[in-house]
> 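If you scroll down you'll find the structure; I have some questions about it.
Residue numbers count from 1 along this sequence. The structure presented is a predicted model; accordingly, all values stated were derived computationally and were not measured.
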Amino acid sequence: MSKYNLDYLDELEAEAIHILREVAGQFEKPALLFSGGKDSITLVRLAEKAFRPGKFPFPLVHIDTGHNFEETITYRDQMVERIGEKLIIGHVQESIDQGKVVEQTGKNASRNALQTVTLLDTIALHGFDACIGGARRDEEKARAKERIFSVRDEFGQWDPKRQRPELWNIYNGKIHKGENIRVFPISNWTELDVWNYIKREQIELPSIYFAHNRDVITRNGQLMAASPFLNMDDEDVVEHKKVRFRTVGDMSCTAAVESDADQLDDIIAEISASKISERGARMDDKVSEAAMEDRKKGGYF
């Protein structure tokens, strides 16, 4: 018999598709959390491979801070129209208007942390029992602790000491009323794996992932896109630089890196040589050593 060998990207893809189908089989009302970033875009491609020619067994859900990059929102709307799937949007501004969260003030104010309340309200409103996301273990130490099927209690909280074993790719989705599961199909992928998969699959991305000229300011040692969301003052000097973004989030906490990488091969080479995680460009992770873990314990994705 001939030996059947899989390329490592094929193995990662097969694992992710298996996880997505497990979600479809085990849960009544799952959802795929979509941010417009490369990881959630990759999840959409994997879902197409898992469920086409049928429809996805879940909607896409975007928690919109109102401070997103315009390129990301444009991409989101065009992609949803192209694939013909349902999109549910939770607006952080509505949570602010309803008095459920208080907008931060000061120079480093951000709406990123406010997303948690909007997400939990969206989950409760639609009765989602599983939420699929594009988090990966290589991004940040708190995410490295988390299982692929991660149980959240009735308050949306994550307890790192209350996790289930996942032996032999067996995933336990049993939950009590009010609980939900966060599911991470590409947890075992690295940033470089994602980019190599994007190249192989010829996946289109928002333009901000590629080097472009943009007005930026330097804040806390990071290059931030000049924007009214940054609460800029006279100390902020606007410069025009060639940059790109390794990760996409709220404009108030997502930094750019100087780069000439405007092609996929250039980005892959740049990441291969980098000594800094992509989360190194997220200001919200620098609040404390345990910033991400604290947010996850409070219900953050």
> Please enumerate all residues that pass side-chain hydrogen bond (donor to acceptor under 3.5 Å, both in side chains) together with Tyr197, with sequence neighbours excluded.
Glu13
> For Thr122, enumerate each residue passing the side-chain hydrogen bond (donor to acceptor under 3.5 Å, both in side chains) test, keeping only those at least two apart in sequence or located in another chain.
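With sequence neighbours excluded, Thr122 shows a side-chain hydrogen bond (donor to acceptor under 3.5 Å, both in side chains) to no residue whatsoever.
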> Could you work out, with side-chain contact (heavy atoms from CB on, under 4.5 Å) as the rule, every residue matching Thr190, not counting sequence neighbours?
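Once residues adjacent in sequence are excluded, the partners of Thr190 under the side-chain contact (heavy atoms from CB on, under 4.5 Å) criterion are Asp138, Leu192, Asp193.
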> Please enumerate all residues that pass side-chain contact (heavy atoms from CB on, under 4.5 Å) together with Glu70, with sequence neighbours excluded.
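With sequence neighbours excluded, Glu70 shows a side-chain contact (heavy atoms from CB on, under 4.5 Å) to Thr74, given in chain and number order.
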> Which pairs, with at least one residue in residues 104-117 and sequence neighbours excluded, count as a salt bridge (Lys or Arg N to Asp or Glu O under 4.0 Å)?
Glu103-Arg111, Lys107-Asp233, Lys107-Glu235, Lys107-Asp236
> Who are the side-chain contact (heavy atoms from CB on, under 4.5 Å) partners of Asn213, not counting sequence neighbours?
His240, Lys242
> Going by side-chain contact (heavy atoms from CB on, under 4.5 Å), name the residues that satisfy it together with His212, two or more places apart in sequence or in a different chain.
Ile208, Arg214, Val243, Phe245
> Taking ILVMFWY side chains as joined if any heavy atoms are under 4.5 angstrom apart, and letting links pass through other members, which residues group with Ile73?
none
> I'd like to check the side-chain hydrogen bond (donor to acceptor under 3.5 Å, both in side chains) partners of Arg164; sequence neighbours left out, ordered by chain and number.
none
> Enumerate the salt bridge (Lys or Arg N to Asp or Glu O under 4.0 Å) contacts for residues 25-38, please, sequence neighbours excluded, ordered by first and then second residue.
Lys38-Glu278
> Can you list the residues that meet the salt bridge (charged side-chain N to carboxylate O under 4.0 Å, His left out) rule with Asp97, with sequence neighbours excluded?
none
> Applying ring pair (Phe, Tyr, Trp, His ring centres under 6.0 Å), which residue pairs with at least one partner in residues 215-238 are found, sequence neighbours left out?
His67-Phe229
